[in-house]
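Contents: one structure, followed by commentary.
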Amino acid sequence: MEHGGEIAVQRRTGVRAVALGSARTRPEIPAVAAEFLGRQRMLLIGAAGRDGLPWATVLTGPEGFARAADERTVVIDTLPGEHDPLAGLDEGEIGMLAIEPLTRRRMRVNGTVRRDGGRLVVHTEQAYANCPKYIQTRDIVAEVTGPATGSSSATVFGDGDRAWIEGADTFFVATSAPGLGADLSHRGGNPGFVRVLDERRLVWPDYAGNLMYMTLGNLELDEHCGLLFLDWENGDALHLTGRARVDWEPGDVPGAQRLVGFEVDRIVRVRGASPLRWRLGEYSRHNPPAHAARAANGARGNP
C-alpha cells in the first residue's frame, strides 16, 4: 500500500527511488528472520493503550518466547505487566522490533495483534531487516525473578527523568498512521544526543539512515507517538507519550539531517519492568559526537 507520509518525506529529502519504505517490505517472515526471532530474549512493541494513546514497551522471556508460527504469524508467550501502559492490550495494530545488541542485528515486524489467553498473536503485514547503524553493543549479564515492583506517573519531567533521558544512548519510538498500521523503531547515539529543553519538551537529531522514513512518514500523517527509554542496568523503564514534529533545519547539531521535537502528554515510570540486566560494550562507530548545540537550546524542536 502506498504510504503518503513516507512519500512526502522522501520527496522533501530528495529521494527519488520508487520502492522504498513500506513499498519495499513484504508480509512474509523469511526463514532466516524466523530463526533470528526465535533466539531473542527481548522484544520491543508499540501499540495504542486502553487510553487510546501510543506507547512503546519491552517484553522479555526465554529463547522462543517470541516465535514465527508460520510465515505470517508471530506468537508471543507473554503480556505487558500490570504496571505497563500497554497492560490490557487485547487487539489492534502493533509495531515490533527484535534487536540483538551484541551483534547489532535487528528486524521489524508490523501487523495486527490479538490476545489469546496469556499470549499475543500477531498477523504480519510487514517484515524487514534494518542496518546496524547507531546500535550500541550490550550483552546480558544477569536475570532477576519477580514482576515489576511498582510505577509512578506524571505529566512533566522531573530531575531524575531529565538525567535519565540525557544520559541515554538508545531509545525506541512507536508511531502509527491512520489506515497504514503501526511501527516501532530504534534511535541511538552517544549519551547526550537527546536533549531535554524544559519540563515537557525534548529534542533528538535524526541521523542518516536507510532512506525508508517509516517513522517520519507516520509522523507526517499523525504527530502522536510513544517513546521508551530503558535503564539497561537495573531494568527500569521510562515510557512517554505525546506529540512529535520535525524541524527540517538541524542547525549545528553534529550529524543531524533534521531535528525531531517532542512534547510529552503523559509519563509512566515502571520499576523493574525488565528482568534482564545488560552490560554496555561499545558505542557504534557511526554515532556523531553529541553536545549541547545551539539548535537544541532555543525554539527548535518545539512542537
**OP:** Using the side-chain contact (heavy atoms from CB on, under 4.5 Å) rule, take Arg39 and Arg105 through it: C-alpha gap first, then chi angles, then the decisive distance, then the call.
**Re:** CA-CA 12 Å; Arg39 293 201 315 267; Arg105 293 179 63 194; 3.3 Å; yes
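- The closest donor-acceptor contact from the side chain of Thr170 to the backbone of Gly188 lies at 3.5 Å or more, if one exists at all.
- Side-chain contact between Glu91 and Arg115 is absent, with no heavy atoms from C-beta onward closer than 4.5 Å.
- Around CG of Asp159, the count of heavy atoms belonging to other residues, nucleotides or ligands within 6.0 Å does not exceed 12.
- Applying the side-chain contact (heavy atoms from CB on, under 4.5 Å) criterion to Pro191, with sequence neighbours excluded, gives Asp169, Tyr283.
- Between Asn218 and Ala177, the shortest heavy-atom distance links the atoms OD1-CB, 3.4 Å.
- A donor-acceptor pair shorter than 3.5 Å can be found between the side chains of Gln136 and Asn287.
- No more than 12 heavy atoms of other residues, nucleotides or ligands lie within 6.0 Å of CZ in Arg50, so this atom counts as exposed by the packing criterion.
- Across all non-hydrogen atoms, the minimal contact from Val58 to Met42 is CG2-CG, 3.6 Å.
- Once rounded to the nearest 0.5 Å, the distance linking SG of Cys225 with CG of Leu53 reads 11.0 Å.
- With rounding to the nearest 0.5 angstrom, the CG atom of Leu37 is 10.0 Å from the CZ atom of Arg67.
- When all heavy atoms of Trp55 and Arg266 are compared, the closest pair comes out as CZ2-NH1, 3.7 Å.
- The two atoms that bring Ala237 and Ala273 nearest to each other are CB-CB, 3.6 Å, heavy atoms only.
- Atom CD of Gln257 sits in a crowded spot, with more than 12 heavy atoms from other residues, nucleotides or ligands closer than 6.0 Å.
- The aromatic rings of Tyr134 and His286 lie perpendicular to each other, with more than 60° between the two planes, well past the 30° mark.
- A continuous path of hydrophobic side-chain contacts links Leu227 to Val264 [ILVMFWY only; heavy atoms under 4.5 Å].
- Between the Arg72 side chain and the Thr124 main chain, a donor and an acceptor come within less than 3.5 Å of each other.
- Under the side chain to side chain contact (heavy atoms under 4.5 Å, CB included) rule, Arg195 has a single partner from Glu166, Arg162, Arg201, which is Glu166.
- Of the possible donor and acceptor atoms, none in the side chain of Ser153 sits under 3.5 Å from a partner among the backbone N and O of Val268.
- Ring geometry, Trp204 versus Phe262: the interplanar angle falls from 30° to 60°, so the pair is classed tilted.
- Side chains of Phe193 and Val253 form no contact here, defined as non-hydrogen atoms less than 4.5 Å apart.
- At a threshold of 4.5 Å between non-hydrogen side-chain atoms, the residues Phe171 and Leu238 do not count as touching.
- The main-chain N or O of Thr73 is found under 3.5 Å from a side-chain atom of Asp70 such that the two form a donor-acceptor pair.
- In this structure the side chain of Asp84 reaches within 4.5 angstrom of the side chain of His239, judged on heavy atoms.
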Original post:
Would Leu276 and Glu143 count as a side-chain contact (heavy atoms from CB on, under 4.5 Å) if you check the C-alpha gap in whole Å, the side-chain angles of each, and the deciding distance to 0.1 Å?
Top reply: CA-CA 5 Å; Leu276 303 179; Glu143 182 174 3; 4.0 Å; yes
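- The side-chain heavy atoms of Arg138 and Leu280, taken from C-beta on, include a pair separated by under 4.5 Å.
- Every residue meeting the salt bridge (Lys or Arg N to Asp or Glu O under 4.0 Å) condition with Arg269, not counting sequence neighbours, appears here in chain and number order: Asp161.
- By the criterion of side-chain heavy atoms lying less than 4.5 angstrom apart, applied directly or through intervening Ile, Leu, Val, Met, Phe, Trp or Tyr residues, Leu216 is grouped together with Leu202 in one hydrophobic cluster.
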Original post:
Step by step, would you call Val113 with Met96 a side-chain contact (heavy atoms from CB on, under 4.5 Å)?
Top reply: CA-CA 11 Å; Val113 64; Met96 303 189 298; over 6 Å; no
**OP:** Take Glu100 and Gln40 through the test side-chain contact (heavy atoms from CB on, under 4.5 Å) and record every step on the way to the result.
**Re:** CA-CA 7 Å; Glu100 192 172 69; Gln40 302 314 305; 3.1 Å; yes
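- In this structure a side-chain-to-backbone donor-acceptor pair under 3.5 Å is present from Arg106 to Cys131.
- Here the side chains of Leu89 and Leu79 are not in contact, with every heavy-atom distance at 4.5 Å or above.
- Sorted by first then second residue, the salt bridge (Lys or Arg N to Asp or Glu O under 4.0 Å) pairs that include residues 278-288, not counting sequence neighbours, are Asp139-Arg279.
- The CZ atom of Phe172 sits 12.0 Å away from the OG1 atom of Thr215 when rounded to the nearest 0.5 Å.
- Residue Leu180 holds its CG atom at 8.5 Å from CD of Glu93, rounded to the nearest 0.5 Å.
- Heavy-atom neighbours of Glu28 CD from other residues, nucleotides or ligands within 6.0 Å: above the threshold of 12.
- Between Thr60 atom OG1 and Phe65 atom CZ the span is 6.0 Å, to the nearest 0.5 Å.
- Taking 4.0 Å as the cut-off between side-chain N and carboxylate O, Glu249 and Arg258 do not count as a salt-bridged pair.
- In the hydrophobic clustering of this structure, Val246 groups with Val194; members are Ile, Leu, Val, Met, Phe, Trp, Tyr whose side-chain heavy atoms approach within less than 4.5 Å, directly or through other members.
- Judged as a salt bridge (Lys or Arg N to Asp or Glu O under 4.0 Å), and not counting sequence neighbours, the contacts of Arg200 are Glu263, Asp265.
- At a threshold of 4.5 Å between side-chain heavy atoms, the hydrophobic network of Ile, Leu, Val, Met, Phe, Trp and Tyr places Val74 and Leu59 in one connected group.
- If you chain together hydrophobic residues whose side chains sit under 4.5 Å apart, Phe36 and Ile99 never meet in one group.
- Side-chain contact between Leu97 and Ser185 is absent, with no heavy atoms from C-beta onward closer than 4.5 Å.
- Atom NE2 of His3 and atom CE of Met214 lie 7.0 Å apart (nearest 0.5 Å).
- Closest approach of Leu221 and Gly5 over heavy atoms only: CD1-N, 3.7 Å.
- Contact check for Ile45 versus Leu184: no side-chain heavy atoms found under the 4.5 Å cut-off.
- Partners of Glu220 by salt bridge (Lys or Arg N to Asp or Glu O under 4.0 Å), not counting sequence neighbours: none found.
- The nearest pair of heavy atoms linking Thr78 to Leu120 is O-CG, 3.9 Å.
- Under the salt bridge (Lys or Arg N to Asp or Glu O under 4.0 Å) criterion, Arg104 pairs with no residue, sequence neighbours left out.
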